[in-house]
Amino acid sequence: MRTLKETLTAKGAGLAISYLDSNPEKNIPKLLDWADKFDKDDVTKNQRIVIRKALEDKEGTWYKFAKSLWTDIDDDVRKTLFNNFIINSVIIGGKKEDKAREKYNCNIPWAILMDPTSACNLHCTGCWAAEYGNKLSMSYETLDSIIKQGKELGTYMYIYSGGEPMVRKDDIIKLCEAHPDCAFLAFTNGTLIDEKFADEMLRVKNFVPAISIEGFEEATDDRRGEGTYKKVIQAMDILKSKKLPFGISCCYTSRNVDVIGSEEYFDDMISKGAKFAWFFTYMPVGKEAVPELMVSAKQREFMYHQVRKFRQTKPIFTMDFWNDGEYVQGCIAGGRRYLHINANGDIEPCAFIHYSDSSIYEKTLLQAYQSPLFMQYRKNQPFNKNYLRPCPLLDNPKYLVEMVESSDSHSTDLKSPENVIDLSNKCLVAASNWEKVADKLWQESHPCANCNDC
């Protein structure tokens, strides 16, 4: 149940959206003035400063990108997502999360990533999700309960992964209907998105897919199977034709990093209609992992520079899960900003950290946030003063070993449990090599980080 203040904020959002729609080109910059008035606690102050600066140049990339949200996206879908993401998730939700953190002395996440099922219609090389097998699923009732519990603490952003979440199409749409105040996103291979499902997206208005793609046709099919690329492009064509927002999810590996970070690839995805891009680097999680797919320090630095360069020149919103640690003060896992619940109900600190001391069937979300493993994350974050080395596995392997062992957590891989020391050992060389590069980059971009003069 919303408070009176929350209701008034939501009504103000509706008026702001109508105002914007009347003349978006003229009124987009004025949206931030409206946000200033409603966000009295400055939950989004730093973000507004960055956005306001970017939108000052009406010939610039970000202004053109903002305008495209009016020309390329269905009006009702845009309005719903604006309200659910900006108002409910960021402003109203952000304040509720802050109060809950103070009250319960634990991390409260902005987003919850959860796997409706471990089943998948593909079997990609090196995919850790395959380790779970295809027989695990959380019921609709369990997923619904997670969302209800999350909203009580201020979480209005829910992300599906798997397995392939689109295997549960009907339940995903049903959850969108049951929680019209939430924003839903799914990391999906895209091959199960068809005209019928796109029409359902238009109807519920609060679901956005992030389609996994490994580059162009050869690279995508090499890892995901022959014919996958054509099915992915077909899904993008359907979504674009119906003016539905979508993004891409890219795992860059030692084999495809040159393509993923190329201008040609960015331009191609933009032309196909993608509005955002998530970038992940390959993690050697699971006993069937392929460590050779891990990028070198030089390749990771390449992506660091490319993503930052294209942010200034390409009309697409980009996020790099590791290399953007400087913008979120390090690791966001362990409930600090997000967590993961797998298809077996294990509550994990991160999608890449398959260890847990809590189950959604045995604990409430709040109890899990206060569990030894999650409190270890809260105690130790950030894991490095250099936020370009945020991860307790990939960048600071010793931390994961200490946290898992001290909390008596167990491997959640039901097929082939992996000892945390064995997992961390696979990252030692990569962490050492990246340390040298990351420290150089950090010093160049933060010259006062190691002095007391400022």
Side-chain angles (χ1 to χ4, degrees), residues 61 64-82 85 120-122 124 159-170 172-173 176 183-252 256 259-280 310 314-319:
T61 298
K64 293 177 181 178
F65 172 74
K67 283 181 60 179
S68 77
L69 300 180
W70 269 260
T71 58
D72 300 350
I73 305 300
D74 176 85
D75 288 346
D76 290 334
V77 171
R78 184 186 61 252
K79 291 175 184 177
T80 299
L81 288 173
F82 178 92
F85 184 78
C120 186
N121 59 322
L122 301 179
C124 305
I159 306 172
Y160 299 113
S161 58
E164 170 48 51
M166 291 296 104
V167 171
R168 299 282 298 279
K169 283 182 183 180
D170 293 344
I172 283 175
I173 292 298
C176 289
F184 294 94
L185 183 143
F187 291 117
T188 170
N189 62 44
T191 62
L192 299 179
I193 294 176
D194 53 19
E195 294 273 354
K196 181 180 178 181
F197 184 74
D199 286 338
E200 287 291 86
M201 287 175 58
L202 269 176
R203 182 174 65 83
V204 297
K205 303 176 182 61
N206 58 342
F207 178 80
V208 180
I211 300 175
S212 299
I213 187 165
E214 303 296 322
F216 296 110
E217 186 167 14
E218 181 179 357
T220 297
D221 286 0
D222 178 64
R223 188 172 179 220
R224 297 182 176 273
E226 186 176 353
T228 300
Y229 181 81
K230 289 181 180 178
K231 292 180 181 179
V232 168
I233 300 307
Q234 181 180 22
M236 290 182 176
D237 289 342
I238 290 171
L239 295 169
K240 184 179 180 180
S241 69
K242 295 182 182 292
K243 302 185 77 173
L244 284 163
F246 70 91
I248 57 173
S249 172
C250 306
C251 176
Y252 56 92
N256 69 3
V259 172
I260 294 294
S262 70
E263 185 166 14
E264 180 185 11
Y265 179 67
F266 268 70
D267 288 342
D268 186 57
M269 290 297 99
I270 292 168
S271 71
K272 287 180 168 54
K275 292 300 179 187
F276 63 90
W278 276 97
F279 293 99
F280 302 89
F310 292 144
K314 306 294 182 184
I316 184 170
F317 185 79
T318 55
M319 296 152 284

So, do [X] and [Y] sit near enough that their side-chain heavy atoms are less than 4.5 Å apart?
X      : Y      : value
Arg203 : Ile173 : yes
Trp70  : Arg78  : yes
Leu202 : Val77  : yes
Ile270 : Pro315 : yes
Glu214 : Tyr252 : no
Lys275 : Ile316 : no
Phe187 : Trp278 : yes
Leu192 : Val167 : yes

Distance from [X] atom [atom1] to [Y] atom [atom2], nearest 0.5 Å?
X      : Y      : atom1 : atom2 : answer
Lys243 : Asp76  : NZ    : CG    : 11.0 Å
Ile193 : Lys231 : CD1   : NZ    : 13.0 Å
Ile73  : Phe82  : CD1   : CZ    : 14.5 Å
Cys251 : Ile213 : SG    : CD1   : 13.0 Å
Ile248 : Ile211 : CD1   : CD1   : 9.5 Å
Phe317 : Leu69  : CZ    : CG    : 11.0 Å

With Val208 as reference, evaluate Leu81, Ile159, Leu239 under the side chain to side chain contact (heavy atoms under 4.5 Å, CB included) test and give the passing residue.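 Of the listed residues Leu81, Ile159, Leu239, the side chain to side chain contact (heavy atoms under 4.5 Å, CB included) partner of Val208 is Leu81.
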For Asp194, give me all partners under side chain to side chain contact (heavy atoms under 4.5 Å, CB included), at least two apart in sequence or on another chain.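 For Asp194, the residues satisfying side chain to side chain contact (heavy atoms under 4.5 Å, CB included) (neighbours in sequence not counted) are Lys169, Lys196, Phe197.
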Side chain to side chain contact (heavy atoms under 4.5 Å, CB included) partners for Glu226, two or more places apart: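 With neighbours one apart ignored, the set is empty.
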Mind listing the closest non-hydrogen atom pair of [X] and [Y] along with its distance?
X      : Y      : answer
Gly215 : Val259 : CA-CG1, 4.0 Å
Tyr160 : Pro165 : CB-CB, 3.7 Å
Phe276 : Pro209 : CZ-O, 3.9 Å
Ala186 : Met166 : CB-CE, 4.1 Å
Val232 : Ser212 : CG2-O, 4.3 Å
Gly190 : Ala235 : O-CB, 3.3 Å

Between Phe216 and Tyr265, is a ring pair (Phe, Tyr, Trp, His ring centres under 6.0 Å) present by the stated rule, with each step listed? CA-CA 8 Å; Phe216 296 110; Tyr265 179 67; 5.7 Å; yes
Mind checking salt bridge (Lys or Arg N to Asp or Glu O under 4.0 Å) for Glu195 and listing every partner two or more places apart, or none if nothing turns up?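 Result, salt bridge (Lys or Arg N to Asp or Glu O under 4.0 Å) vs Glu195: Lys242.
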Can any side-chain N or O of [X] pair as donor or acceptor with the backbone N or O of [Y] at less than 3.5 Å?
X      : Y      : answer
Asn256 : Cys250 : no
Ser241 : Ile238 : yes
Lys240 : Asp72  : no

So Glu263 and Phe310, side chain to side chain contact (heavy atoms under 4.5 Å, CB included) or not? Walk me through it. CA-CA 8 Å; Glu263 185 166 14; Phe310 292 144; 3.7 Å; yes
Using the ring pair (Phe, Tyr, Trp, His ring centres under 6.0 Å) rule, take Phe184 and Phe207 through it: C-alpha gap first, then chi angles, then the decisive distance, then the call. CA-CA 5 Å; Phe184 294 94; Phe207 178 80; 7.6 Å; no
Carboxylate-amine/guanidinium contact Asp75 Lys79, below 4.0 Å: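 No salt bridge links Asp75 with Lys79.
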Under a 4.0 Å N-O cut-off, is there an ion pair linking Asp267 with Lys314?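 A salt bridge is present here (some side-chain N lies under 4.0 Å from a carboxylate O).
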